[in-house]
Amino acid sequence: MVRTRFAPSPTGYLHIGGARTALFNFLFARNQGGKFILRIEDTDVERSTDESVQAILDGMNWLGLSWDEGPFFQSKRMDRYKLYAERLLEEGKAYYCYCQPEELQERRERALKDGKKPTYDRRCRERKDVPAGLTPVIRFKAPQEGQTIVEDLIKGTVVFNNNELDDLIIIRSDGYPTYNFAVVIDDVDMAITHIIRGDDHLNNTPRQIQIYNALNFPVPKFAHVPMILGSDKTRLSKRHGATSVMAYKEMGYINKALINYLVRLGWSCGDQEIFSMDEMIEKFNIENIGKSAAVFNPEKLLWLNSHYIKTMDIDELLEISLEYFKRKHEILPERDVMKRIINSLKERSKTLVELADSSGVYFYDDFDYDTESVKKFFPDRNSSILSYILEQVKKKGLADEKDFESLVRGTAELFGVKVVVVAQQIRIALSGKTVSPSLYDIISIIGIERTIRRFERFMDFLSKG
RNA sequence: GGUCCUAUCGUCUAGCGGCCCAGGACGCUGCCCUCUCACGGCAGAAACGGGGGUUCGAGUCCCCCUAGGAUCACCA
């Protein structure tokens, strides 16, 4: 049975890179009929916060990445790490080290200055005495000869010389385990079969394999996925814009669009660009994950978002866009009117924020008139075309869109002007601008009464010069 | 600096020795559609980092160079 995991440290929100790692783990588990486990790596007491834990959970939930087990917390598993550290100690595979952080730091810097490798010199390895007043750390006795080989599902076979790897600390002086140790114990306890994570961990992998070996644990399969880079090809960070998953929700992105964007960043399935969650699960595989880093491209994400806005079921679109409309307007019309509003706006909105922002024309009757537009389409402030149309509407009403169109065309012909001119004059009267949704959409949604009022208000405005 | 990873249009990518004078997508440009803005449709510009091999044949395999990235903590 395949078991994968996502193991973030709660030192901030769920970011784009983490979300993609989580997604790949999720998809692989689902594709294989396995389990997806969530684990919080909070052994760094200084930097871990409860808010971050919540932020990560929120992000996962919004993206729809549901986990089967957990969340497990490393901070609640201290006895497990202690147990195995002691076992290594007993078997002579680990030892106490009394070197203090300051002196280690100093030695590292000196080595670096002399152009040497800044590795730990193993000086406490054979130490027998117990210095008073010093709390020790526990170090892993790493093999000094031979090689450690990582068989990576994405990168292939990667060979590390053991003399490159030093005796890493597995238990800190405060009793907390370090990452490379805790991660091994956890993955074994949770029976993880496939470790899919960012390739910034590739260099850690041989150390972890050595610990698996020392403890006689079976080594899981590794798949190191390439990083996500910013537009300047450096690691994606705040400098490149929003990196928090929830910030994208704030900006009006749809979870499905973000997921869809993320899955295609580093993974492909022929020429297919659009994937539903079910399709992703069905088609996802590790073989088609690329080997090189990918640059995050906000334009493509925006395109996907607008695609989902355009093609999404209207009821669903209404549901998810409601909160954005509520942010913008005190009261909202009833459901079916909202649907018509959204339908008229969705073709020209790339985000849900844009969708809500562009809805003003349906909500307010007391808008300002854009001076440039008025100047352009009413150079002598003549409202005769509008008053003719108003007259016709009052007399005959408007049956449907066809009716409206023939009225506009008929009017254009009658006054000897282009259809565009008539349309734009109406548009300005109805919206104050030269850009708006389709005229008949506006008229039919706000109703004939408000349409007439807007006409009269504008003609009044014109006459006052 | 050591170690490790990577290298096809600006970007995401297809390509797993001949189907490639390299395909798709975003973006860009032009045209069409059109009551504006959009949507949509059509067309176009745009790439195998460089050098050596292997082979009848290389974007595809090997080596070197170059360029990016990652990592070298009592962070994860």
Side-chain angles (χ1 to χ4, degrees), chain A residues 7-11 41-44 46-48 74 97 99-101 104-105 108 112 115-120 135-139 150 152 154-156 158-161 164-166 168-180 182-183 198-206 224 226-227 229 231 233-235 261 264-274 287-288 290-304 306 310 345-350 358 373 404-405 408-409 412 418-428 431 433-440:
Chain A
S9 63
T11 54
E41 309 217 320
D42 57 349
T43 53
D44 184 351
E46 302 277 302
R47 300 196 302 151
S48 299
Q74 289 188 323
C97 169
C99 300
Q100 295 304 294
L104 288 170
Q105 179 69 23
R108 240 194 319 271
L112 228 39
K116 285 188 234 152
K117 274 183 267 184
T119 51
Y120 176 64
T135 41
V137 299
I138 300 176
R139 278 186 190 272
V150 179
D152 194 88
I154 293 171
K155 306 282 186 181
V158 186
V159 180
F160 293 86
N161 282 319
E164 296 291 338
L165 279 15
D166 57 359
L168 75 160
I169 293 170
I170 56 174
I171 301 287
R172 299 190 279 232
S173 53
D174 63 3
Y176 278 84
T178 56
Y179 167 73
N180 280 304
V183 83
D199 70 3
D200 48 336
H201 286 290
L202 186 56
N203 288 312
N204 283 322
T205 309
H224 286 95
M227 306 258 76
L229 274 25
S231 48
K233 303 222 175 190
T234 63
R235 198 183 178 137
Y261 178 70
R264 281 285 291 106
L265 202 57
W267 177 80
S268 62
C269 184
D271 285 339
Q272 188 170 349
E273 295 286 350
I274 308 294
E287 300 85 75
N288 286 349
K291 300 168 87 161
S292 53
V295 173
F296 186 82
N297 183 210
E299 275 83 34
K300 188 159 183 181
L301 171 58
L302 201 57
W303 169 74
L304 273 164
S306 67
K310 277 178 298 208
L345 259 22
K346 67 180 185 183
E347 299 284 287
R348 68 206 89 217
S349 305
K350 289 186 189 299
S358 60
S373 306
F404 172 70
E405 248 172 54
V408 172
R409 287 181 197 287
K418 284 183 181 167
V419 175
V420 199
V421 174
V422 177
Q424 288 299 66
Q425 289 202 354
I426 297 173
R427 193 180 311 283
I428 292 166
S431 73
K433 297 173 301 214
T434 49
V435 175
S436 82
S438 177
L439 292 176
Y440 191 72

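Within every chain, numbering begins at 1; the chains are lettered A, B, ... in the order of the sequence lines, protein sequences first and strands thereafter.
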Would you measure the distance from the P atom in B/rG23 across to the matching atom in B/rA47 and give it in whole Å?
11 Å

Are OP1 or OP2 of B/rC26 and a side-chain N or O of A/Arg264 less than 4.0 angstrom apart?
no

Under 4.0 Å protein heavy-atom contact, by nucleotide of nucleotides 36-45 of chain B - B base, S sugar-phosphate only:
BBSSS-----

Nearest-Å distance, CG (A/Leu302) to P (B/rG27)?
8 Å

Under 4.0 Å, heavy atoms only, any strand: does A/Cys269 hit a base, just the sugar-phosphate, or nothing?
nothing

Applying a 4.0 Å non-hydrogen cut-off, can you work out what A/Thr11 is touching in the nucleic acid: base, sugar-phosphate, or nothing?
nothing

Whole-Å distance, A/Tyr176 OH to B/rA76 P, equals 11 Å

If you round to the nearest 0.5 Å, how far is CZ of A/Arg139 from CD1 of A/Ile171?
13.0 Å

Short side-chain N/O contact to B/rA73 OP1/OP2 from A/Arg108, under 4.0 Å:
yes

Rounded to whole angstrom units, what separation is found between the CG atom of A/Leu104 and the P atom of B/rC74?
6 Å

Return the pairing partner of B/rA25 with a 3.5 Å limit on both distances, Watson-Crick or G-U wobble; otherwise return none.
B/rU11

Have a look at A/His201 and say if it touches a base, only the backbone sugar-phosphate, or nothing, with a 4.0 Å heavy-atom cut-off.
base

Among A/Glu347, A/Arg348, A/Lys350, A/Lys346, exactly one meets side-chain contact (heavy atoms from CB on, under 4.5 Å) together with A/Ser306. Which residue is that?
A/Lys350

Taking the minimum atom-to-atom distance to the side chain of A/Asp271, which one of B/rA76, B/rC74, B/rG23 wins?
B/rG23

For B/rC4, give the paired nucleotide (Watson-Crick: N1-N3 plus N6-O4 or O6-N4; G-U: N1-O2 and O6-N3; both under 3.5 Å), or none.
B/rG69

Taking 4.0 Å as the cut-off, does a side-chain nitrogen or oxygen of A/Ser173 come that near to OP1 or OP2 on B/rC74?
no

For B/rG30, give the paired nucleotide (Watson-Crick: N1-N3 plus N6-O4 or O6-N4; G-U: N1-O2 and O6-N3; both under 3.5 Å), or none.
B/rC42

With a 3.5 Å distance limit and no angle check, can you tell me whether A/Lys155 reaches the backbone of A/Lys291 through a side-chain donor-acceptor pair?
yes

Rounded to whole angstrom, note down the C1' distance from B/rC48 over to B/rC9.
10 Å

Mind checking A/Gly266 for me? I need base, sugar-phosphate or nothing, with any heavy atom below 4.0 Å counting as a touch.
sugar-phosphate

For the C1' atoms, the ones on B/rC28 and on B/rA45, what distance do you get once it is rounded to whole angstrom?
9 Å

Say whether, by atom type as modelled, one donor and one acceptor occur between the side chain of A/Thr11 and the main chain of A/Arg47 under 3.5 angstrom.
no

Mind calculating the distance between NZ (A/Lys300) and C1' (B/rG24) to the nearest angstrom?
9 Å

Mind calculating the distance between CG (A/Leu165) and P (B/rG2) to the nearest angstrom?
17 Å

Heavy-atom distance under 4.5 Å between the side chains of A/Ile154 and A/His224, does that happen here?
no

For nucleotides 3-8 of chain B, give me one character per nucleotide, 5' to 3': B if any protein heavy atom sits under 4.0 Å from the base, S if the only such contacts are to the sugar-phosphate, - if neither.
SSSSS-

Just how far is it from atom CG of A/Asn204 to atom CG of A/Asn180, taken to the nearest 0.5 Å?
4.0 Å

Since syn is defined as within 90° of 0, does B/rC39 count as syn or as anti?
syn

Using atom P of each nucleotide, how far apart are B/rU13 and B/rC4 to the nearest Å?
25 Å

Under a 3.5 Å distance rule, please check whether A/Arg427 uses its side chain to pair with a backbone N or O of A/Pro437 as donor and acceptor.
yes

Assign each of A/Asn180 and A/Val408 to its nearest nucleotide of RNA chain B by heavy atoms, then name whichever residue's nucleotide is nearer the 5' end.
A/Val408

Please examine the side chains of A/Arg235 and A/Asp200, heavy atoms only from C-beta on, and report whether any two atoms are closer than 4.5 Å.
yes

Rounded to whole Å, please give me the gap between OH in A/Tyr261 and P in B/rG27.
12 Å

Roughly how many Å apart are B/rC56 and B/rC64, using the P atom of each and rounding to a whole number?
24 Å

Would you measure the distance from the C1' atom in B/rU8 across to the matching atom in B/rC33 and give it in whole Å?
36 Å

CA sep, side-chain torsions, deciding dist, call: A/Gln424, A/Lys418, side chain to side chain contact (heavy atoms under 4.5 Å, CB included)
CA-CA 10 Å; A/Gln424 288 299 66; A/Lys418 284 183 181 167; over 6 Å; no

Checking the side chain of A/Tyr176 only, and the main-chain atoms of A/Asp42 only, is there a donor and an acceptor separated by less than 3.5 Å?
no

Gap in Å between the two C1' atoms, one belonging to B/rC74 and one to B/rC62, rounded:
44 Å

Looking at the base of B/rC74, is there any donor atom on it, or on the side chain of A/Thr178, that sits under 3.5 Å from an acceptor on the other one?
no

Which nucleotide in B/rG69, B/rC35, B/rC74 has an atom nearest any side-chain atom of A/Val419:
B/rC35

Apply side chain to side chain contact (heavy atoms under 4.5 Å, CB included) to the pair A/Gln74 and A/Tyr179, showing each step before the final yes or no.
CA-CA 10 Å; A/Gln74 289 188 323; A/Tyr179 167 73; 5.8 Å; no

Please round to the nearest 0.5 Å and tell me the distance separating atom OH of A/Tyr120 and atom SG of A/Cys97.
3.0 Å

Mate of B/rG59 across any strand shown (Watson-Crick or G-U wobble, both atom pairs under 3.5 Å) is none

Of all the choices, B/rU13, B/rG69, B/rA76, which nucleotide is nearest to the side chain of A/Leu229 once you look at every atom?
B/rG69

When you match A/Asp200 and A/Ser9 each to their closest nucleotide on RNA chain B, which lands nearer the 5' end?
A/Asp200

For a quick check, tell me whether the side chain of A/Gln272 and the base of B/rG24 share a donor-acceptor pair closer than 3.5 Å.
no

Anything under 30° is parallel, anything over 60° is perpendicular, the rest tilted; go ahead and classify A/Tyr440 against A/Phe404.
tilted

Can you check the A/Glu273 CD to B/rU11 C1' distance for me, whole Å?
12 Å

Please give the distance between the C1' atoms of B/rA46 and B/rC12 as a whole number of Å.
15 Å

Can you check the A/Asn288 CG to B/rC12 C1' distance for me, whole Å?
15 Å

